[in-house]
Q: 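Take this structure first; my questions come after.
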Amino acid sequence: MRDDVPYDVARIRADFPILAREVNGKPLVYLDNGASAQKPQAVIDAVTRAYAEEYSNVHRGLHYLSNLATENYEAVRGKIAHFLGVADERAIVMNSGTTEGINFVAYGWAMPRFEPGDEIVLSVMEHHANIVPWHFLRERQGAVLRWVDVDATGALDPQRVIDAIGPRTKLVALTHLSNVLGTRVDIKTIAAAAREKGVAILVDGSQAAVHMPLDLDDLGVDFYAITGHKLYGPSGSGAIYIRPERMAEMRPLMGGGDMIREVTKDAVIYNDPPMKFEAGTPGIVQQIGLGAALDYLMELGMEAIEAHENGLRDYARERLDGLNWLQVQGRAPDKAAIFSFTLDGAAHAHDISTVLDKRGIAVRAGHHCAGPLMEHLGVSATCRASFGLYNTEAEIDALVDALELCHELFA
Ligand code: PLP
């Protein structure tokens, strides 16, 4: 945030039109940011302008609008690089989000180099987007998945990950921040060890990028995937950072227009990276909307957002700890404002979320696309309240009041 502007959550909330609406006759309390975040007017305006005044296909036309759309679209690559702390924007491949990014690495980098018995190290906290592509490798190429557990607090000891790296490990694939527990992972320590052992590291940054400042050039990873819709941008937008050495090793996943320089009946000459990896008409307007979202975040400042959310985390922890009949999952010392909880033996997560919804409170209930973590926790589902840059302590009070009602109804 600019030093002269304090973090004014009321002013920030006014930037998000949807936050003014009611749900079920109550003011909306939106605590489902981990699934997808709401959009500020600046993003809505950028999307509208891109369609209403500046739309054309990119990279192909020689006319005014095509050049303008290309300029607007390509400017986003630089914004993403800046936001992620990457000096060279050619390391950014734009795509539809984290799921595409991780699959792109699985097909484009891992499949050509994995032999039967080669290993991937991953934590039990991974989202299915960072599990299923590796199961493809297991099913199709005999890869072995090595799972690292979290401890009783939900923290991931970096040393346990490092110890799991063996002579057959080719990739470490980890989340930077758990979408269920909020646990932050010490990627820097793990990445340094992986590099020393000559092992690549892919990081699922879809949650971390939203809650903390990033400096990927310092973090030392090979692949870092982000998704735009959690970053207050449009769905269908996103990017993956790829270390230049790895990019040189990658095979294009999709063939088509834009990623080629020349095609004859007998041969193809590819475009230079990153274009080589962006086949076909991209999500032009989605990415332009993401650019506006990143501008918005950088104007507020990720440090200021993190400080605000850490305040919410501390307050929510204190209030939820006061409910001694509620089981709160995940107490890692380093965590973001994401809380999963259950009412064991009394109510299913879906029932809790239905009661909360009646009071205008949006949370997520289910397995959160984290099957192995649910297994580890010994639950089939949890309720998750995940906070964002516009949430307030008053909304935490509303959540606690509604949970007390659940307790009365179900206990
Ligand atoms: N990884 C994590 C940790 C997530 O929370 C999510 C979304 O919920 C994803 C990956 C998948 O992101 P997307 O569906 O935007 O590709």
Side-chain angles (χ1 to χ4, degrees), residues 30-39 43 80 84 93-107 120 122-136 148 150 154 156 172-185 187 201-212 214 221 223-241 253 282-283 286-287 289-290 293-294 309 329-330 332 334-340 353 362-374 376-377 381-388:
Y30 190 77
L31 305 180
D32 195 18
N33 297 285
S36 203
Q38 300 299 347
K39 318 304 170 199
V43 168
I80 296 169
L84 294 176
V93 173
M94 296 200 271
N95 58 27
S96 63
T98 297
T99 303
E100 184 182 334
I102 297 176
N103 277 275
F104 172 54
V105 175
Y107 283 94
I120 301 161
L122 59 174
S123 88
V124 294
M125 271 189 311
E126 301 314 312
H127 185 280
H128 294 167
N130 196 24
I131 297 176
V132 181
W134 313 123
H135 272 305
F136 290 167
V148 181
V150 290
L156 182 66
V172 174
L174 292 175
T175 187
H176 200 176
L177 199 157
S178 162
N179 63 313
V180 181
L181 305 176
T183 305
R184 290 192 177 97
V185 176
I187 293 294
I201 176 163
L202 171 140
V203 177
D204 172 350
S206 41
Q207 296 288 341
V210 185
H211 299 293
M212 57 204 259
L214 292 172
V221 299
F223 307 101
Y224 197 99
I226 61 166
T227 206
H229 67 95
K230 294 184 206 286
L231 281 161
Y232 307 91
S235 56
S237 65
I240 184 162
Y241 158 82
L253 175 55
Q286 290 92 325
Q287 291 302 122
L290 173 58
L294 297 182
E309 292 183 1
Q329 306 284 352
D334 189 11
K335 71 170 265 163
I338 298 176
F339 291 87
S340 276
S353 84
V363 296
R364 179 79 171 255
H367 55 55
H368 313 292
C369 296
L373 181 61
M374 294 296 116
H376 173 87
L377 297 172
T382 71
C383 262
R384 178 188 67 186
S386 50
F387 296 85

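One is the number of the first residue; the rest follow in order along the sequence. For ligands, and for the atoms within them, numbers begin at 1 and follow the listed sequence.
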Q: Applying side-chain contact (heavy atoms from CB on, under 4.5 Å), name anything that partners Val210, two or more places apart in sequence or on another chain.
A: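 Per chain and number, Val210 pairs via side-chain contact (heavy atoms from CB on, under 4.5 Å) with Lys230, Leu231, Tyr232.
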Q: Is there a donor-acceptor contact under 3.5 Å from the side chain of Arg364 to the main chain of Ser386?
A: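 Looks like no, no N/O pair under 3.5 Å.
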Q: Looking at Ile240, Asn95, Ile80, which hits side chain to side chain contact (heavy atoms under 4.5 Å, CB included) with Ile226?
A: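 Of the listed options, the one satisfying the test is Ile80.
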Q: Please confirm whether the backbone N or O of Gly34 pairs with a side-chain atom of Gln207, one donor and one acceptor, at under 3.5 Å?
A: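 Side chain of Gln207 to backbone of Gly34, a donor-acceptor pair under 3.5 Å: yes, one is there.
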Q: Who pairs with Tyr241 by side chain to side chain donor-acceptor pair (under 3.5 Å), at least two apart in sequence or on another chain?
A: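 Tyr241 satisfies side chain to side chain donor-acceptor pair (under 3.5 Å) with no residue once adjacent residues are dropped.
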Q: Heavy-atom cut-off of under 4.0 Å around ligand 1: list whichever protein residues fall inside it, by chain and number.
A: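 Ligand 1 pocket, heavy atoms under 4.0 Å: Thr98, Thr99, His127, Ala129, Asn179, Asp204, Ser206, Gln207, Thr227, His229, Lys230.
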Q: Side chain to side chain donor-acceptor pair (under 3.5 Å) with Ser36: which residues, sequence neighbours excluded?
A: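 For Ser36, the residues satisfying side chain to side chain donor-acceptor pair (under 3.5 Å) (neighbours in sequence not counted) are His229.
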